[in-house]
There are 2 protein chains.
Amino acid sequence: MPHSRKRRDQGKHSRIRSDHATEIAEDYVEAIAEVIEASGTCRAVDLASRFEVSHVTVNRTIGRLARDGWVETEPYGPVVLTAKGKQLARKAAERHAVVLKFLMAIGVRESVAKIDSEGIEHHVSPETLDAMRAFLSEHAD
Amino acid sequence: MPHSRKRRDQGKHSRIRSDHATEIAEDYVEAIAEVIEASGTCRAVDLASRFEVSHVTVNRTIGRLARDGWVETEPYGPVVLTAKGKQLARKAAERHAVVLKFLMAIGVRESVAKIDSEGIEHHVSPETLDAMRAFLSEHAD
DNA sequence: CCTGGATTTTAGCCTGTGCTAAATTTGTGT
DNA sequence: ACACAAATTTAGCACAGGCTAAAATCCAGG
Ligand SMILES: [Mn+2]
Ligand SMILES: [Mn+2]
Ligand SMILES: [Mn+2]
Ligand SMILES: [Mn+2]
């Protein structure tokens with residue numbers, strides 16, 4: 001039999017907790033990509049205003065993102081995405097867009113869908129995302 | 001014009017943060033109601049095994065829930081829901097059930113839908129919940 | 001070049017949510 | 001009655017992610 005399995009055996013709720021741990025990373029890399037796309041570079045203040053948190057909070061969050069290999073930055077410099085960060089940003093943006101379109105397709109107003117999708121996106125598994133995509137193709141009028 | 005509005009003006013992301021703050025309360029009162037329903041009373045250990053966290057974590061979480069008026073408990077005693085707690089439990093269970101059924105209705109397998117709904121439920125606004133309900137009635141075969 | 005405003009960093013605080021180890025309490029079976 | 005097992009509580013730790021105030025740095029206009 002497999003060795004002792006002390007490892008927390010990913011039940012439902014551990015999945016939720018790990019989703020929460022990565023969702024800030026997802027939102028940040030997505031936002032960083034958008035800001036860079038729109039204005040060339042991304043500074044901490046841009047993220048602070050976007051997320052409505054203090055610039056100090058952004059600074060420390062960026063530190064964690066750098067530690068975990070999503071972004072690179074040097075003192076007083078802008079934030080850039082690593083290759084890994086760019087990939088996550090692309091994946092997150094794509095999934096976010098599907099969720100948003102899907103909510104609107106079932107009749108949720110855009111203003112509400114924008115808010116709800118921002119939270120829902122992080123908990124949508126690949127299988128559920130596929131179901132949403134399938135729904136969108138079927139109902140492409 | 002209205003005075004200065006320093007008040008953080010609930011953008012998209014503050015909604016997400018407040019959702020996260022209440023989701024443990026929602027999951028706990030829902031679980032407490034279920035355990036009481038199933039076995040008469042609810043003890044901390046029941047919640048620890050259900051959420052796969054330590055009994056110490058449960059103990060402190062229950063303390064916060066009591067502080068916020070969702071549950072009542074006395075030293076070494078079981079956990080009971082306040083009126084407010086029962087109401088939240090009912091609302092959360094109802095919403096959770098709708099989300100789960102909805103995911104299955106769009107073709108997500110039950111095992112996956114159970115996991116995803118556990119995270120998604122907390123970010124579904126009343127309007128989106130209504131859209132899901134409407135979808136379920138329309139597609140009631 | 002130098003200075004003032006914008007920006008970032010540092011210091012120091014808080015709460016929530018996770019843990020282990022140890023102490024305490026409860027309640028049950030003999 | 002009492003010991004023992006189960007449950008809870010306490011103590012003490014860690015990290016994420018919020019904040020304000022103050023210091024440091026950067027850069028652009030004069
Ligand atoms: Mn997103
Ligand atoms: Mn998001
Ligand atoms: Mn639930
Ligand atoms: Mn849940």
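These numbers come from the heavy atoms of this one structure, side chains and all, not from hydrogens, waters or symmetry mates. Sequence lines set the chain letters: A, B, ... in the order given, protein chains first and strands last, and positions in each chain run from 1. Given the structure is predicted, the values throughout are model-derived calculations rather than measurements.
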Worksheet item: Would you call the rings of B:His123 and B:His20 parallel, tilted or perpendicular if under 30° counts as parallel and over 60° as perpendicular?
Response: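 Ring orientation of B:His123 relative to B:His20: perpendicular.
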**OP:** If the plane angle is over 60° it's perpendicular, under 30° parallel, otherwise tilted; pick one for A:Phe51 and A:Tyr28.
**Re:**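 A:Phe51 vs A:Tyr28 ring planes: parallel.
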Neighbour count >12 (heavy atoms, 6.0 Å) for atom [atom1], [X]:
{"X": "B:Glu34", "atom1": "CD", "result": "yes"}
{"X": "B:Lys84", "atom1": "NZ", "result": "yes"}
{"X": "A:Glu127", "atom1": "CD", "result": "yes"}

| request: Could you check B:Arg60 against B:Val56 and say which one's nearest nucleotide on DNA chain C is further toward the 5' end? | output: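 It is B:Arg60, whose closest nucleotide lies nearer the 5' terminus.
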Ignoring backbone atoms, test whether [X] places a side-chain nitrogen or oxygen under 4.0 Å from the OP1 or OP2 oxygen of [N].
{"X": "A:Ser54", "N": "D:dG18", "answer": "no"}
{"X": "B:Arg67", "N": "C:dG16", "answer": "yes"}
{"X": "A:Arg64", "N": "D:dA16", "answer": "no"}
{"X": "A:Thr57", "N": "D:dC19", "answer": "yes"}

Salt bridge (charged side-chain N to carboxylate O under 4.0 Å, His left out) partners for B:Arg43, two or more places apart
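For B:Arg43 there are no salt bridge (charged side-chain N to carboxylate O under 4.0 Å, His left out) partners, ignoring immediate neighbours.
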[X] [atom1] to [N] [atom2]: how many Å, rounded?
{"X": "B:Leu47", "N": "C:dT17", "atom1": "CG", "atom2": "P", "value": "14 Å"}
{"X": "B:Asn59", "N": "D:dT10", "atom1": "CG", "atom2": "C1'", "value": "9 Å"}
{"X": "A:Asp46", "N": "C:dA6", "atom1": "CG", "atom2": "C1'", "value": "12 Å"}
{"X": "B:Glu52", "N": "C:dT17", "atom1": "CD", "atom2": "C1'", "value": "16 Å"}
{"X": "B:Asp19", "N": "D:dG18", "atom1": "CG", "atom2": "C1'", "value": "17 Å"}
{"X": "B:Ile62", "N": "C:dT17", "atom1": "CD1", "atom2": "P", "value": "13 Å"}
{"X": "A:Asp27", "N": "D:dG18", "atom1": "CG", "atom2": "P", "value": "11 Å"}
{"X": "A:Glu23", "N": "D:dG17", "atom1": "CD", "atom2": "P", "value": "9 Å"}

What nucleotide among [options] has an atom nearest to a side-chain atom of [X]?
{"X": "A:Val45", "options": "D:dA11, D:dG18, C:dT7", "result": "C:dT7"}
{"X": "B:His55", "options": "D:dT8, D:dC19, C:dT17", "result": "D:dT8"}
{"X": "B:Ile24", "options": "C:dG18, C:dT8, D:dT8", "result": "C:dG18"}

Heavy-atom contacts, protein to nucleotides 23-29 of chain C, under 4.0 Å, summarised as B (base), S (sugar-phosphate only) or - (none) per nt, yield -BSS---
Quick one: does B:Arg17 reach the base of D:dG18 with a side-chain donor-acceptor pair under 3.5 Å?
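Donor-acceptor pair under 3.5 Å: no.
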**Report entry** Residue whose closest nucleotide on DNA chain D lies nearer the 5' end, A:His20 versus B:Gly77
**Finding:**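 Here B:Gly77 is the residue nearer the 5' end.
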Apply side-chain contact (heavy atoms from CB on, under 4.5 Å) to residues A:Val53 and B:His13 and explain how you reach the verdict. CA-CA 9 Å; A:Val53 295; B:His13 292 282; over 6 Å; no
Does anything in residues 33-41 of chain B come within less than 4.0 Å of DNA chain D? Heavy atoms only, and list the residues if so.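 DNA chain D contact set from residues 33-41 of chain B: none.
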Practice item. Flag the pair A:Arg133 and A:Glu94 as a salt bridge only when some basic side-chain nitrogen lies within less than 4.0 angstrom of an acidic carboxylate oxygen. Key: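 Yes, this pair counts.
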>> Between B:Arg15 and A:Glu118, does any NZ, NE, NH1 or NH2 come within less than 4.0 Å of an OD or OE carboxylate oxygen?
In response: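 The answer is no: the pair does not qualify as a salt bridge.
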Notebook entry, point to check: So among A:Leu136, A:Leu103, A:Thr128, which one has a side-chain contact (heavy atoms from CB on, under 4.5 Å) with A:Val98?
Noted result: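 Among A:Leu136, A:Leu103, A:Thr128, the one meeting side-chain contact (heavy atoms from CB on, under 4.5 Å) with A:Val98 is A:Leu136.
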